[in-house]
Amino acid sequence: MSRATAQAPANIAFVKYWGARDLERALPFNPSISMTLANCVSRSTVEVLPEGEADQVLLGGDSGELSLAPASFADRVRHHLDTLRAETGTKGGFRVATKNSFPTGAGIASSASGFAALTLAVTTALGLEFSEAELSVLARRSGSGSAARSMVGGYVELPTGSCGSDPEQDDGSLSFSIQLAGADHWDLRDVVAIVESGPKKISSLEGHRRSLTSPYYKTRQELLSQRLQIVRQSIAERSFSALGPVVEEEAIDLHLIAMSSRPPVFYWNPATIALLSTVRDLRDEGLPAYATMDAGANVHVICEPEYEPEIARRLMAVRGVRRIIRDRVGPGPQLAVEPLF
Ligand code: PMV
């Protein structure tokens, strides 16, 4: 039976995807820009099963053991396998195992890395060759918009791919990730303070859905074209002083929208607020550090390499921080990795 293993990284968005014109296909209202990570990765091994056999969804444990995935996870994987079957004209089932190098569902984009790795492993196991753009569209079809960005390394933009107001024309084929700069272009670090390691109570899918009810949704959309321009330019010019403030503003606005949605969504906990305060203290002391968050309580602090050790030390001392993950910009998905079975 044909088998393949792929590894794909998580990413952290500088300009966030929050709110969709089509949630099922994760077609965003606004472009997003992220940095692909190096160490926070998902690995997925996929075996093509004979026609008629049901999908098996497994999780890889720390000591190499495989166990059945919980139903909620297995359902999302099966749903994406259905999409991939439809897109590739395949009928058979798949045996899938996934393993993350970081805690699942806690504000590190495990759906992004997981669906990117799964998409790449399935298409490779089927012996199909897709371009990076096509793989990015397929990964986005999982319903995780950020998965489209995890298909590409370095600094990445996901455009809306919107073409006019006719929903018939808006098939999403133009919303695929584009590399703004490779990982070698600029060595940025992401120090992640983990304050919550269980799965979050409200999924990002539900957060996207509710976001449109926030009175601040429209205001942020109006600010975005300038933010996107600054982020693109600061990446091109490697200007951390230009990039940092926009990154932090964006994260606060995402959570402002979440908190003012109906019903409201609160992802933060007391440690999140303590960390945001520490990051402001660090800046007051002259250490360039800017915070960002995804749909979760954990805080990602973006910085340049020389400040990373001190920032990690200071974040670790904040009450409520369970562990620190030190990551950096990375090169994107990989195929030559060890299989999970
Ligand atoms: O990829 P999704 O559908 O889980 O949405 C991602 C949402 C954020 O992580 C909050 C923002 C982003 O652009 O990554």
Side-chain angles (χ1 to χ4, degrees), residues 8-37 40 42 72-73 76-77 79-80 83 100 102 104-119 136-152 155-160 172 175-177 190 192 196 199-212 214 217 220-221 224 227-228 231 246-259 261 265-268 272 291-300 302:
N11 65 79
I12 181 68
F14 294 163
V15 176
K16 308 287 182 183
Y17 155 48
W18 199 238
R21 60 187 197 276
D22 178 337
L23 261 181
E24 174 83 2
R25 292 181 298 160
L27 281 177
F29 269 124
N30 62 269
S32 53
I33 298 179
S34 56
M35 163 172 126
T36 300
L37 299 180
C40 291
S42 299
S72 58
F73 178 84
R76 276 198 83 184
V77 168
H79 188 258
H80 191 47
T83 303
N100 291 335
F102 54 90
T104 306
I108 300 186
S110 62
S111 57
S113 53
F115 283 121
L118 179 65
T119 304
S136 164
V137 170
L138 284 175
R140 184 177 46 67
R141 295 285 313 276
S142 65
S144 168
S146 52
R149 298 193 311 250
S150 275
M151 207 49 101
V152 177
Y155 298 89
V156 180
E157 175 159 351
L158 179 67
T160 63
S175 182
F176 55 82
S177 300
D190 178 10
V192 196
E196 199 174 77
K200 55 188 172 249
K201 288 196 192 77
I202 300 190
S203 66
S204 51
L205 198 67
E206 185 55 27
H208 287 296
R209 186 175 290 125
R210 291 187 200 175
S211 66
L212 304 180
S214 162
Y217 191 84
R220 173 177 170 259
Q221 290 296 318
L224 275 177
R227 280 186 191 164
L228 285 157
V231 169
V246 180
V247 168
E248 199 165 298
E249 261 167 50
E250 256 297 282
I252 301 298
D253 277 8
L254 183 154
H255 286 269
L256 173 78
I257 289 169
M259 291 176 199
S261 295
V265 186
F266 282 82
Y267 288 118
W268 292 3
T272 311
T292 182
M293 288 145 289
D294 281 337
N298 298 330
V299 177
H300 295 244
I302 310 298

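Counting convention: from 1, in listed order, for ligands and their atoms alike. The figures that follow rest on heavy atoms only: side chains count, while hydrogens, waters and symmetry mates do not.
For the pairing with D253, the side chain to side chain contact (heavy atoms under 4.5 Å, CB included) check across R227, K16, E248 returns one residue only, R227. Each of Y17, F29, Y217 was compared with H208 under the ring-ring contact (aromatic ring centres under 6.0 Å, His included) criterion, and only Y17 meets it.
With ring centers used as reference points, H255 lies 6.0 Å or more from F266.
For S144, heavy-atom contacts with ligand 1 shorter than 4.0 Å involve the backbone as well as the side chain. Neither the backbone nor the side chain of L205 has any atom closer than 4.0 Å to an atom of ligand 1 (non-hydrogen atoms only).
The pair R141-E24 does not meet the salt-bridge criterion, since no charged nitrogen lies less than 4.0 angstrom from a carboxylate oxygen. A salt bridge links E206 to R210: one of the charged nitrogens lies within less than 4.0 Å of a carboxylate oxygen.
The closest side-chain donor-acceptor pair between T36 and N11, if any, does not fall under 3.5 angstrom. No side-chain donor from either of S177 and R149 sits under 3.5 Å from a side-chain acceptor of the other.
Looking at S204 next to ligand 1, an N or O pair under 3.5 Å apart turns up. At least one N or O atom of S146, backbone or side chain, sits closer than 3.5 Å to an N or O atom of ligand 1. Here's the thing with W18: none of its N/O atoms is less than 3.5 angstrom from an N/O atom of ligand 1.
Distances from ligand 1 to the non-hydrogen atoms of R149 include at least one value under 4.0 Å. By the 4.0 Å heavy-atom criterion, A26 is excluded from the residues contacting ligand 1.
In this structure, T292 and A251 approach most closely via the heavy-atom pair OG1-CB, 3.4 Å. Nearest heavy-atom pair, A116 versus A8, reported as atom, atom and distance to 0.1 Å: CB-CB, 3.6 Å.
Which parts of ligand 1 touch S111 is read off a 4.0 Å heavy-atom cut-off, strictly below it: atoms 4 (O). Near G143, with a cut-off below 4.0 Å to any heavy atom, the atoms of ligand 1 are 3 (O). Less than 4.0 angstrom separates some heavy atom of L254 from each of these atoms of ligand 1: 10 (C). Residue A13 approaches ligand 1 through these ligand atoms, each under 4.0 Å from one of its heavy atoms: 12 (C), 13 (O), 14 (O). Counting the atoms of ligand 1 from 1 in the order shown, those under 4.0 Å from a heavy atom of K16 are 11 (C), 13 (O). Near A295, meaning under 4.0 Å from one of its heavy atoms, ligand 1 places the atoms 10 (C).
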